[in-house]
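We count ligands from 1, going down the list as the structure has it; atoms in each ligand are counted the same way. As the structure is a prediction and not an experimental result, all values here were calculated from the model.
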Amino acid sequence: MNRFAPTKAAGALSVDEVTNSRRLRRMRKAAWSRRLVQENHLTVDDLIWPMFIVEGTNVRQPVEAMPGVFRYSVDIAVKEAERAAKLGIPAIATFPKVDLSLRDETGSHILDPDNLINRTTRAIKAAVPEIGIITDAALDPFTSHGHDGILRDGVIANDESVEQITAAAVLQAAAGSDIIAPSDMMDGRIGVIRSALDANGFQDVAIMSYATKFDSAFYGPYRDAIGTAGLLKGDKKTYYINNANSAEALREAEQDILEGADMIMVKPGLPYLDIVRQLKDQFAMPTFAYQVSGEYSMIKAAAANGWIDGERAMLESLLAMKRAGCDGILTYFAPTVAEMLKR
Ligand code: PBG
């Protein structure tokens with residue numbers, strides 16, 4: 001007998017009375033039954049590996065704010081691409097850390113057919129043709145001010161930026177890029193890039209639109225990784241989506257789809273799963289999320305302090321994106337997850 005209170009409060013119905021004997025715990029009772037009714041799965045086919053590239057040879061430079069993430073020189077990037085292909089990772093997305101001496105007001109080095117990004121694409125395509133290469137047609141690694149557009153009197157010049165990004169996209173396709181992924185959020189970029197790719201014989205090069213890229217604090221460690229953190233003047237609020245808005249995100253995605261995007265992406269990932277679900281339901285497009293640098297670093301930092309189980313948090317965050325409607329995820333955890341899934 002419980003000596004502090006009666007075991008049943010006066011007037012309370014029994015559990016069977018309120019549930020009509022529908023007990024959801026029945027299927028949770030054992031590992032086999034939980035497996036049987038599991039609705040979503042994370043597989044290696046879901047993974048895109050974002051990779052940082054730096055000049056030099058035999059370089060593996062740790063990114064300080066992202067434990068376990070490195071900047072690779074082209075030769076090592078090729079080796080890592082081989083490893084990724086062996087693990088079954090379908091695609092890599094490359095991001096260059098460009099020498100400061102090559103950055104200028106307009107990001108003109110993006111138009112060099114032999115810049116770091118294009119050299120990386122050629123080298124990986126030559127050595128590991130079976131892995132997909134996604135390149136970011138964006139100016140921020142190339143501008144001296146860290147913005148994704150060309151600045152004219154302190155204002156981002158939309159159409160001029162689109163022209164330059166488009167010329168860069170054609171060069172990236174010529175280098176062997178399979179998917180052009182413009183991350184700059186300039187208006188009209190998808191349609192203009194599509195037309196230029198087609199006019200230059202690259203009908204089979206796809207476009208992954210960073211359709212809904214939000215103004216976010218979670219990009220912090222990335223800006224350190226590509227060396228724009230100290231450069232950026234002001235913020236990116238005049239081109240990224242206000243993170244309070246979702247109807248605007250739907251309009252952005254619709255516009256990019258009408259202009260010819262083959263795949264759409266939501267960025268960041270975990271704080272924007274409502275957007276993923278809305279886009280998937282509304283447009284039935286191949287839909288991706290980018291688990292960005294800050295999301296990665298938060299999990300790593302908490303795990304390093306012993307505050308969460310890092311492996312479980314990693315898998316849970318990725319599975320949550322699948323559940324929300326993602327067909328795949330860009331994640332810095334890609335090689336780690338692929339290795340775990342293989343075991
Ligand atoms: C910019 C770009 C960003 C990321 C990739 N490309 C964001 C930004 O600096 O505004 C973020 C990726 C990440 O945080 O992991 N074109």
Side-chain angles (χ1 to χ4, degrees), residues 47-53 63-71 92-98 103 107 109-110 116-117 134-151 156 158 161-162 164-166 168-169 172 177 179-186 189-190 193 207-243 252 256 265-272 288-301 314 317-318 321 329-334:
L47 303 173
I48 296 172
W49 184 12
M51 192 186 279
F52 298 116
I53 315 291
V63 177
E64 206 184 329
M66 302 176 74
V69 171
F70 300 84
R71 303 180 195 96
I92 287 176
T94 53
F95 297 93
K97 184 182 186 197
V98 175
R103 303 188 197 196
H109 187 58
I110 200 172
L116 188 54
I117 210 70
I134 303 173
T135 52
D136 184 8
L139 292 176
D140 60 299
F142 301 95
T143 52
S144 49
H145 42 69
H147 278 290
D148 295 44
I150 295 174
L151 271 181
I156 301 284
N158 188 91
S161 302
V162 170
Q164 181 140 320
I165 288 159
T166 300
Q172 291 179 358
S177 177
I179 300 178
I180 306 295
S183 70
D184 55 287
M185 292 298 287
M186 294 301 125
R189 73 211 188 289
I190 300 297
I193 291 174
I207 299 178
M208 171 185 264
S209 155
Y210 284 70
T212 67
K213 183 168 182 182
F214 290 87
D215 176 43
S216 173
F218 292 103
Y219 307 142
Y222 165 94
R223 292 181 188 172
D224 169 37
I226 68 156
T228 55
L231 303 178
L232 188 64
K233 288 177 194 73
D235 54 47
K236 301 191 175 186
K237 288 185 195 297
T238 70
Y239 42 106
Y240 293 173
I241 303 175
N242 179 343
N243 52 48
E252 269 289 358
D256 286 3
M265 186 212 296
V266 174
K267 179 182 181 181
L270 213 55
Y272 296 87
F288 292 77
Y290 196 146
Q291 181 179 52
V292 298
S293 55
E295 298 177 70
Y296 174 90
S297 299
M298 282 198 302
I299 292 175
K300 281 297 208 180
M314 165 184 81
S317 63
L318 296 169
M321 295 184 212
I329 304 141
L330 292 94
T331 174
Y332 301 98
F333 287 119

Parallel, tilted or perpendicular: which describes the rings of [X] and [Y], with under 30° parallel and over 60° perpendicular?
X: Y332; Y: F52; value: parallel
X: Y239; Y: H147; value: perpendicular
X: Y222; Y: F95; value: perpendicular

Exercise: identify the closest heavy-atom pair between Y290 and M265
CB-SD, 3.7 Å
Closer than 4.0 Å to some heavy atom of [X] - which atoms of ligand 1 meet that?
X: Y332; result: 12 (C), 13 (C), 15 (O)
X: A138; result: 16 (N)
X: R223; result: 8 (C), 9 (O), 10 (O)
X: Y290; result: 12 (C), 15 (O)
X: K236; result: 8 (C), 9 (O), 10 (O)

Backbone N/O of V63 and side chain of R71: donor-acceptor pair under 3.5 Å
no
Not counting sequence neighbours, which residues clear side chain to side chain contact (heavy atoms under 4.5 Å, CB included) with T228? List them please.
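If we apply the side chain to side chain contact (heavy atoms under 4.5 Å, CB included) test to T228, skipping adjacent residues, the hits are R103, R223, I226.
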Compare F218, Y296, F95, Y222 and give the one whose heavy atom is closest to atom 13 (C) of ligand 1.
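The residue whose heavy atom sits nearest atom 13 (C) of ligand 1 is Y222.
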Taking the non-hydrogen atoms of [X], is any one of them nearer than 4.0 angstrom to ligand 1?
X: K267; answer: yes
X: Y210; answer: no
X: D136; answer: yes
X: K213; answer: yes

Is NZ or CZ of K267 both nearer than 6.0 Å to the six-membered ring centre of Y240 and within 45° of the ring axis?
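The answer is no, since K267 fails at least one limit relative to Y240.
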Answer with side chain, backbone, both or neither: which part of D148 has a heavy atom less than 4.0 angstrom from an atom of ligand 1?
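The part of D148 near ligand 1 is the side chain, not the backbone.
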Do D184 and K213 pass the salt bridge (charged side-chain N to carboxylate O under 4.0 Å, His left out) test, and can you show the C-alpha distance, the side-chain angles, and the key distance before you say yes or no?
CA-CA 8 Å; D184 55 287; K213 183 168 182 182; over 6 Å; no
Which residue and heavy atom of the protein sit nearest atom 14 (O) of ligand 1, plus the separation
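It is S293 OG, 2.7 Å.
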